[in-house]
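Notes for the one structure printed next.
Order of the sequence lines sets the chain letters (A, B, ...), proteins ahead of strands, with each chain counted from 1.
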Protein chains: 2
Amino acid sequence: MMKKYTIKDISELAGVSKGTVDRVLHKRGKVSESALKKVNKILEEIEYKPNPIAKSLKNNKIYRVCILFPRSNQDSFWTPCLTAIKEMENNYQAFGISIEQHRYDSKSPTSFLEQANALIATKPDAILMAPLFYQEAQIIKKRCFEQEIIISTFNNVIDKNSLTNYIGQDLFQTGRIAAKLLDSLTTSGDLLIVHIDEQVQNATHMQEKENGFKHYFEEKNDPAYSISTININKTLDTNYFEFLDSYFKSNPNITGIFVTTSKTYVAAQFKTESRKDIKIVGYDLVEKNIEHLKKGSIDFLINQNPKKQAFQGLRNLAEHLLFAKEIPKETLLPIDIINSENYREYLE
Amino acid sequence: MMKKYTIKDISELAGVSKGTVDRVLHKRGKVSESALKKVNKILEEIEYKPNPIAKSLKNNKIYRVCILFPRSNQDSFWTPCLTAIKEMENNYQAFGISIEQHRYDSKSPTSFLEQANALIATKPDAILMAPLFYQEAQIIKKRCFEQEIIISTFNNVIDKNSLTNYIGQDLFQTGRIAAKLLDSLTTSGDLLIVHIDEQVQNATHMQEKENGFKHYFEEKNDPAYSISTININKTLDTNYFEFLDSYFKSNPNITGIFVTTSKTYVAAQFKTESRKDIKIVGYDLVEKNIEHLKKGSIDFLINQNPKKQAFQGLRNLAEHLLFAKEIPKETLLPIDIINSENYREYLE
DNA sequence: CAAAAAAATGTGTTCGAGCACATTTAAAAA
DNA sequence: TTTTTAAATGTGCTCGAACACATTTTTTTG
């Protein structure tokens with residue numbers, strides 16, 4: 001364990017005052033070349049790291065960290081984020097971090113823009129957002145950069161090439177995982193990819209998953225399997241059951257379903273009523289899915305872990321503000337495979 | 001967001017000096033009843049939380065947090081702990097936390113005692129240990145209490161009723177998970193529980209897992225399945241393959257194997273050479289297991305996640321020392337199900 | 001060469017908690 | 001009532017970084 005040096009230590013070693021050391025460290029200029037040399041020499045020797053605690057105490061600010069995500073009454077997928085927020089509040093309140101929650105209508109880009117702009121107008125220190133709408137998210141991101149508000153995103157990628165600090169999962173890979181699971185559960189047959197009831201903004205989301213799923217089977221190149229895809233949308237097909245029933249009647253060889261959204265329970269419901277033999281893999285630990293998982297009508301769920309995403313995102317921001325910790329450009333969380341026996345520990 | 005009160009704020013509100021407030025907060029006595037009342041009244045009103053950063057700065061100590069666990073050359077299971085240690089060092093060094101690594105021979109209770117005692121003699125601030133040996137761990141734990149060294153355990157429970165801060169998994173439940181997985185992978189047959197090459201000290205470990213496994217199938221009560229258990233020990237049966245081969249010849253109806261230790265690859269090796277049809281579920285992301293996972297000769301692994309256990313344990317201790325955060329009595333980590341498609345993200 | 005301006009360097013205060021020590025007030029003894 | 005002793009209360013310094021401001025040194029100009 002090396003000694004912890006302070007600015008005062010350095011100043012004594014270099015034979016200058018702590019003010020001079022401070023100016024060197026912060027590159028504030030007004031330092032003679034000879035003094036600069038002396039200080040830099042010491043700095044090289046000792047590998048100085050400023051005490052983040054003293055730094056933070058001196059700063060002594062209350063930082064406003066805001067999180068912006070869809071309202072839960074539309075999609076219980078987001079509910080676990082509340083737990084993450086509560087935990088963050090408990091852990092970081094005393095450090096001078098204030099967490100604010102802002103919500104928007106997951107079906108309305110306008111609502112997103114309104115909420116985000118209202119939020120920016122209050123000049124928070126940092127924002128973590130789940131950006132469902134690509135175009136609008138870009139605008140908001142740009143605005144944050146202009147106003148020097150630190151911005152991170154979670155759950156949805158808005159730009160693969162840009163440098164928004166992103167916390168989430170490799171969606172393509174989740175598709176491969178689903179494929180592997182259905183491969184384990186079945187030996188042959190038609191596998192059906194089902195996109196249920198999603199808005200346009202999630203299209204890329206679902207597409208990534210579908211691509212991953214297909215990629216796995218293309219790689220395997222097993223003639224025993226064939227894969228097809230359908231879209232179900234509540235507004236078009238008011239009755240899920242009838243739609244699925246007629247589809248399955250004309251395609252009797254289906255042995256497994258991969259649902260690309262949280263609405264896995266819709267397929268599971270159909271399974272219990274009509275085709276008990278098919279295997280189902282889907283997404284997310286929402287209540288209705290867990291019910292089916294327990295009953296056996298869903299075989300596996302893939303956990304997108306919104307709670308962990310939100311928590312990690314908020315934590316990154318808080319520790320950056322408090323202790324100047326670097327925020328990773330991309331945090332890819334592990335992809336959890338969930339069955340009836342291990343879901344409990346993953347719940348909020 | 002409520003205001004952050006300081007001791008000075010309180011002293012002004014109560015009309016006393018900050019010294020008096022300090023005495024009330026720390027119950028140091030020497031406070032008149034009238035002053036006590038005034039201060040307590042304010043304290044009730046504002047719900048004061050001391051600033052952990054100021055506290056920590058004042059303290060300004062270098063804390064020694066030590067971790068004690070088996071040497072890796074015997075069992076690569078422990079290797080990921082090194083990553084946890086490195087991460088902790090990077091994150092907490094500047095806060096005045098020094099992490100020390102101490103190792104012992106996983107086959108020798110004496111070695112454990114020696115290392116632990118030598119460690120205690122240096123009077124560290126906190127110890128996190130993986131206590132393989134029940135009796136000896138009890139002794140060490142008691143000694144730590146006497147010397148007022150904070151002690152946590154991980155991976156192995158030493159006493160279900162005691163209050164050692166434990167970080168690990170519900171082993172019984174991991175057995176149930178393995179059972180559910182083999183249930184998913186097969187439709188009937190004999191399932192074999194295999195305990196491979198473990199020392200006595202792990203007996204309870206393995207027993208818990210076996211019990212969980214059996215419990216699942218007892219609950220299911222499916223006549224299509226039957227379950228049996230075998231022990232293999234390298235010292236007794238020098239050749240794993242021969243032993244398994246003869247066993248499988250006399251029990252031809254086995255469809256799945258549950259290996260209760262990291263040595264799952266032993267069963268997988270047998271599978272590739274002789275019985276490609278059987279399904280295998282086992283434990284831990286050690287290199288040899290991952291090889292088989294990729295090749296398909298292991299179907300699922302259950303991740304005991306030693307890295308996360310060590311990290312969580314060290315973190316609890318560090319934040320307790322630095323910021324007086326309470327250490328949870330028991331931290332049960334989620335039990336990860338791993339297949340060939342999601343192991344990557346769980347690796348160190 | 002002295003005065004003025006500029007550059008360089010040093011000093012002192014702040015953040016909040018905690019504790020040693022100084023000072024004041026109240027109670028007990030003479 | 002005065003002195004002694006004890007109890008109560010207040011003051012001031014520390015931790016390390018950061019920055020404002022004061023002081024010193026060097027350079028420029030009349």
From [atom1] of [X] over to [atom2] of [N], roughly how many Å is that when rounded to an integer?
{"X": "Phe95(A)", "N": "dA17(C)", "atom1": "CZ", "atom2": "P", "value": "13 Å"}
{"X": "Asp22(B)", "N": "dG12(D)", "atom1": "CG", "atom2": "C1'", "value": "13 Å"}
{"X": "Glu33(A)", "N": "dT26(D)", "atom1": "CD", "atom2": "P", "value": "15 Å"}
{"X": "Ile10(B)", "N": "dG18(C)", "atom1": "CD1", "atom2": "C1'", "value": "14 Å"}
{"X": "Arg28(B)", "N": "dA17(C)", "atom1": "CZ", "atom2": "P", "value": "13 Å"}
{"X": "Leu43(A)", "N": "dA17(D)", "atom1": "CG", "atom2": "P", "value": "12 Å"}
{"X": "Leu36(A)", "N": "dT9(C)", "atom1": "CG", "atom2": "C1'", "value": "14 Å"}
{"X": "Lys30(A)", "N": "dC19(D)", "atom1": "NZ", "atom2": "C1'", "value": "13 Å"}

Of the nucleotides dA18(D), dA8(D), dG10(D), which one has an atom closest to the side chain of Ser32(B)? dA8(D)

Between [N] and [X], is there an OP1 or OP2 to side-chain N/O distance shorter than 4.0 Å?
{"X": "Thr20(B)", "N": "dG10(D)", "result": "yes"}
{"X": "Arg23(B)", "N": "dA8(D)", "result": "no"}
{"X": "Ser56(B)", "N": "dA17(C)", "result": "no"}

Under 6.0 Å between the ring centres of Tyr48(B) and Tyr5(B)? no

Looking at Asp22(A) and Arg28(A), does any basic side-chain N land under 4.0 Å from a carboxylate oxygen? yes

Taking the six-membered ring of Tyr92(B), is NZ or CZ of Lys325(A) closer than 6.0 Å to its centre and within 45° of its axis? yes

For Phe69(B), does the six-membered ring have the charged nitrogen or CZ of Lys307(B) within the cation-pi criterion, i.e. under 6.0 angstrom from the centroid and within 45° of the normal? no

Measure all distances between protein nitrogen or oxygen atoms and nitrogen or oxygen atoms of nucleotides 13-16 of chain D, and list the pairs falling under 3.5 Å.
| residue | atom | partner | partner atom | Å |
| --- | --- | --- | --- | --- |
| dC15(D) | O3' | Asn60(B) | ND2 | 2.5 |
| dG16(D) | OP1 | Asn60(B) | ND2 | 2.9 |
| dG16(D) | N2 | Ala54(A) | O | 3.3 |

Might you confirm whether atom CD of Gln135(A) has over 12 heavy atoms from other residues, nucleotides or ligands at distances under 6.0 Å? no

Side chain to side chain donor-acceptor pair (under 3.5 Å) between His320(A) and Asn316(A), intermediate numbers included: CA-CA 6 Å; His320(A) 175 75; Asn316(A) 284 351; over 6 Å; no

Please step through ring pair (Phe, Tyr, Trp, His ring centres under 6.0 Å) for the pair Tyr63(A) and Phe95(A), ending with a clear verdict. CA-CA 9 Å; Tyr63(A) 290 103; Phe95(A) 289 90; over 10 Å; no

